[in-house]
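Single-structure report; data block below.
Just so you know, ligand 1 is whichever comes first in the structure, and atom 1 is the first atom listed for that ligand. It should be emphasised that the depicted structure is a prediction, and the values quoted were computed from it without experimental measurement.
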Amino acid sequence: MSNPVYLALDVPQLEPAKALVEKVKAHIGGVKLGLEFFCAHGAHGVHEIAHCGLPIFLDLKFHDIPNTVAAAMQAIHVYEPAIVTVHAAGGRAMMEDAKAAAAAGTKVVAVTMLTSLDANDLTATGVYGSAETQVMRLAELAHAAGLDGIVCSGQEVGMVRKAWKDGFFVVPGLRPAGGGTGDQKRVVTPRAARDNGASVLVIGRPIARADDPEAAARAIEATL
Ligand code: C5P
């Protein structure tokens with residue numbers, strides 16, 4: 001089985017980012033590049049990281065009208081991303097068109113609700129009802145739209161896997177046993193998330209900020 005760990009490369013400067021990937025690449029399965037990286041380093045940055053030979057996850061969280069999202073999805077074919085994210089709140093037609101425009105080898109997964117939002121924030125945007133209800137509603141919409149899966153927490157992935165047997169689930173917010181939790185509040189270990197049905201484990205600071213990133217990545221790999 002291939003290594004499910006994608007390193008979240010939330011490193012602002014390109015050279016340190018490249019150096020980090022070189023250090024840990026034998027012990028990870030891919031690299032996640034987010035909006036910050038993409039806006040700062042653009043096409044050049046993505047190609048530089050792709051040189052490491054690992055699959056690339058472009059976490060760009062597309063959310064716009066279907067035509068625009070489909071065009072953006074086509075524009076990123078050049079990067080041959082393994083995984084791309086869109087917002088489920090963009091609606092069924094947007095997700096259908098996103099999937100149709102994605103390259104055959106690209107998994108398109110939906111962000112349901114940002115974990116930075118609480119019930120009050122939801123109400124302020126006109127969404128009444130609990131966060132859980134909203135997450136489940138959007139997960140069903142993503143499924144119906146033909147997406148490959150969703151982004152969810154390690155605590156939710158078991159439940160989501162039961163409802164969506166062949167889904168592709170991306171799980172962030174993971175912390176190895178015995179480590180600090182930083183600003184992530186509801187954490188599970190990479191192993192537990194994997195056992196509960198995660199397809200991809202997104203891990204950033206536990207590797208990037210470790211005194212010895214290579215050893216940290218190797219130790220995580222050994223638990224899986
Ligand atoms: O450093 P850490 O392992 O917490 O990084 C997790 C990565 O996953 C970051 O890139 C973060 O933006 C992303 N993420 C998250 N929680 C979510 C969604 C995405 O931590 N709910």
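Close approach to Ala8 involves these atoms of ligand 1, each under 4.0 Å from a residue heavy atom: 7 (C), 10 (O).
In this pair, His87 and His63 present their aromatic rings tilted. The plane angle is within the 30 to 60° band.
For the residue pair His41/Glu48, the side-chain donor-acceptor check at 3.5 Å is not satisfied.
Counting heavy-atom neighbours within 6.0 Å of Glu80 CD, excluding the residue itself, gives a total of 12 or less.
Considering backbone and side-chain N/O atoms, Arg175 comes within less than 3.5 Å of an N/O atom of ligand 1. Here's the thing with Pro172: none of its N/O atoms is less than 3.5 angstrom from an N/O atom of ligand 1.
Counting heavy atoms closer than 4.0 Å to ligand 1, residue Pro206 contributes side-chain atoms (C-beta onward) but none from N, CA, C or O. When heavy-atom distances to ligand 1 are checked against a 4.0 Å cut-off, Asp10 comes that close only through its side chain, counted from C-beta outward. By the criterion of a heavy-atom distance under 4.0 Å, neither the backbone nor the side chain of Met113 is placed next to ligand 1.
Of the possible polar contacts, none joining the Thr112 side chain to the Val135 backbone as a donor-acceptor pair under 3.5 Å is found.
In terms of the salt bridge (Lys or Arg N to Asp or Glu O under 4.0 Å) criterion, residue partners of Arg92 (sequence neighbours excluded) are, by chain and number, Glu96.
The residues Arg137 and Glu140 are annotated as not salt-bridged, no charged nitrogen and carboxylate oxygen being separated by less than 4.0 angstrom.
Residue Arg209 places every heavy atom at 4.0 Å or more from ligand 1. The closest approach between any non-hydrogen atom of Val151 and ligand 1 is not below 4.0 Å.
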